[in-house]
Number of protein chains: 2
Amino acid sequence: MTTVVTMMASGRRAETRLRLFGAAVELIAEQGYTATTVDAIAERAGVAKGTVFYNFGTKEALFSGLLEHGVGLLSTALSGAAAGETALDALDAVVMAQLRFFEEYGAFARVLLAEMWRTAWQDAVARLRRDVLGVYADVLRRAVAEGAVRGDLDVETAATAVFGMVLTVAIERRALHPDRPIERVHATLVDLLHGRVTG
Amino acid sequence: MTTVVTMMASGRRAETRLRLFGAAVELIAEQGYTATTVDAIAERAGVAKGTVFYNFGTKEALFSGLLEHGVGLLSTALSGAAAGETALDALDAVVMAQLRFFEEYGAFARVLLAEMWRTAWQDAVARLRRDVLGVYADVLRRAVAEGAVRGDLDVETAATAVFGMVLTVAIERRALHPDRPIERVHATLVDLLHGRVTG
DNA sequence: TTTTTTGTACTGACCAGTCAGTTTTAAAAG
DNA sequence: CTTTTAAAACTGACTGGTCAGTACAAAAAA
């Protein structure tokens, strides 16, 4: 049972909410948002259907909350890793943090990738761009300032590219090569980024 | 109206099928598979609902056919670009071909990204891995043979990484920076891959 | 003549959301 | 410590609507 949830303000209600997030993220990862019924979420969470609506009001609000929560965790994980001697060390560390995060919360990775583009969740997506892609952009800008990277690098595009690359690889690895050590995947990606592959 | 469809064996029936693919890919890109109704697809295609079932039998079969069709076009586009003096030239060309393909068929890119992970479409996904990721893997292997790339490169992971990177960037560009020239995006990605960014 | 499409009407399953009633919790009163 | 009280949390049967798929007769195309 891998869930996006770990800890949060305690209390009966908060606990129920987290159980619902956990059930929802797994089911939505497998079936997609629309195909996942509130009944199924409630059943997996071990609560009555009415409880879902008592806590969130609508199915959409439940999903919105789930996205917010997950993006928050991801953002925390990445920015926590962004420290480092040089900007390039920091970049490696952020890539590793993203790989580890999706290793633990693989269901959330798939939900993100699948549902990120729907207009219904603009708020969570905006936050993803600001707080998650922003970490990559900051690190890259720092690298520019340190002179480790060409000054005319298109930082926005590069940040998206790295994030998408890691996300795709993390999902593919979980689906097809779960035994492959995450360190090996990290090494491949880091080599790609540092030009130790070609030339 | 951007559709995945371009040309195919002519005939009334084939034409109807392609119109349905075109309508379906747009709607599914916006709303997702489950949320898209057969009624809506038929209406946008300008066809009676019964015609959908006459041609495909089920909604799932329509979508399966759409995926097959799109993956076939993508595979053709990429392998057609994989020629080139050196393997690294070929890699650049394949990246460009993928960017161009998703520029033209942006709706299909989003459908791929969103629905690729559901177990229901294993066949199309297997073909994607074989025929599309395979093009990247081949080019990278060729680069290894030419000595342009380290011999111990994890070709599979690298191929997935590059494909995912380009896919993510292509979608993000269409959504957020439609005016940004595709050549500039290509230059950023190619620089990343050739180590002209760091060091 | 055969194949394909149309339009309308129908069905049966499924599902988000509601609501009246029940249980739990915690605190105040005795 | 026990009882009372009221709010908060939870329950599950029910409802109204939606949708994939069917049926079919008539029309259009090949």
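In this text the structure is predicted, and so the values were computed from the model without any measurement. Chain A is the first sequence line, chain B the second, and so forth, proteins listed ahead of strands; every chain is numbered from 1.
Note on residues 148-182 of chain B: no pairs pass ring-ring contact (aromatic ring centres under 6.0 Å, His included), not counting sequence neighbours. Annotation: ring-ring contact (aromatic ring centres under 6.0 Å, His included) contacts involving residues 24-66 of chain A, sequence neighbours excluded, comprise A/Phe21-A/Phe56, A/Tyr33-A/Phe63, A/Tyr33-A/Trp121, A/Phe63-A/Trp121. Within the structure, every pair that satisfies the salt bridge (Lys or Arg N to Asp or Glu O under 4.0 Å) test and touches residues 46-63 of chain B, not counting sequence neighbours, is listed here: B/Asp39-B/Lys49. Sequence neighbours left out, not one pair with a member in residues 73-86 of chain A passes salt bridge (Lys or Arg N to Asp or Glu O under 4.0 Å).
For the pair B/Tyr54 OH and C/dT4 P, the computed distance is 4 Å after rounding to whole Å. Rounded to a whole Å, the CZ atom of A/Arg17 is 11 Å from the C1' atom of D/dA9. For the pair A/Leu62 CG and C/dC15 C1', the computed distance is 15 Å after rounding to whole Å. Nucleotide C/dT4 holds its P atom 14 Å from the CG atom of B/Leu20, rounded to whole Å.
With sequence neighbours left out, the side chain to side chain donor-acceptor pair (under 3.5 Å) criterion links B/Glu68 to B/Arg127.
Regarding contacts with the backbone of C/dT5, a side-chain N or O of B/Asn55 is found under 4.0 angstrom from either OP1 or OP2. One finds a side-chain N or O of A/Thr51 lying less than 4.0 angstrom from the OP1 or OP2 phosphate oxygen of D/dT11.
For the pair B/Arg44 (side chain) and B/Ala24 (backbone), a donor-acceptor distance under 3.5 Å is absent.
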Dump the pairs, protein N or O against N or O of nucleotides 20-30 of chain D, anything under 3.5 Å, distances to one decimal.
{"from": "D/dA20", "atom 1": "OP1", "to": "B/Lys59", "atom 2": "NZ", "distance (Å)": "3.4"}
{"from": "D/dA20", "atom 1": "OP2", "to": "B/Val38", "atom 2": "N", "distance (Å)": "3.0"}
{"from": "D/dA20", "atom 1": "N7", "to": "B/Lys49", "atom 2": "NZ", "distance (Å)": "3.3"}
{"from": "D/dG21", "atom 1": "OP2", "to": "B/Lys59", "atom 2": "N", "distance (Å)": "2.8"}
{"from": "D/dG21", "atom 1": "N7", "to": "B/Lys49", "atom 2": "NZ", "distance (Å)": "3.3"}
{"from": "D/dG21", "atom 1": "O6", "to": "B/Lys49", "atom 2": "NZ", "distance (Å)": "3.0"}

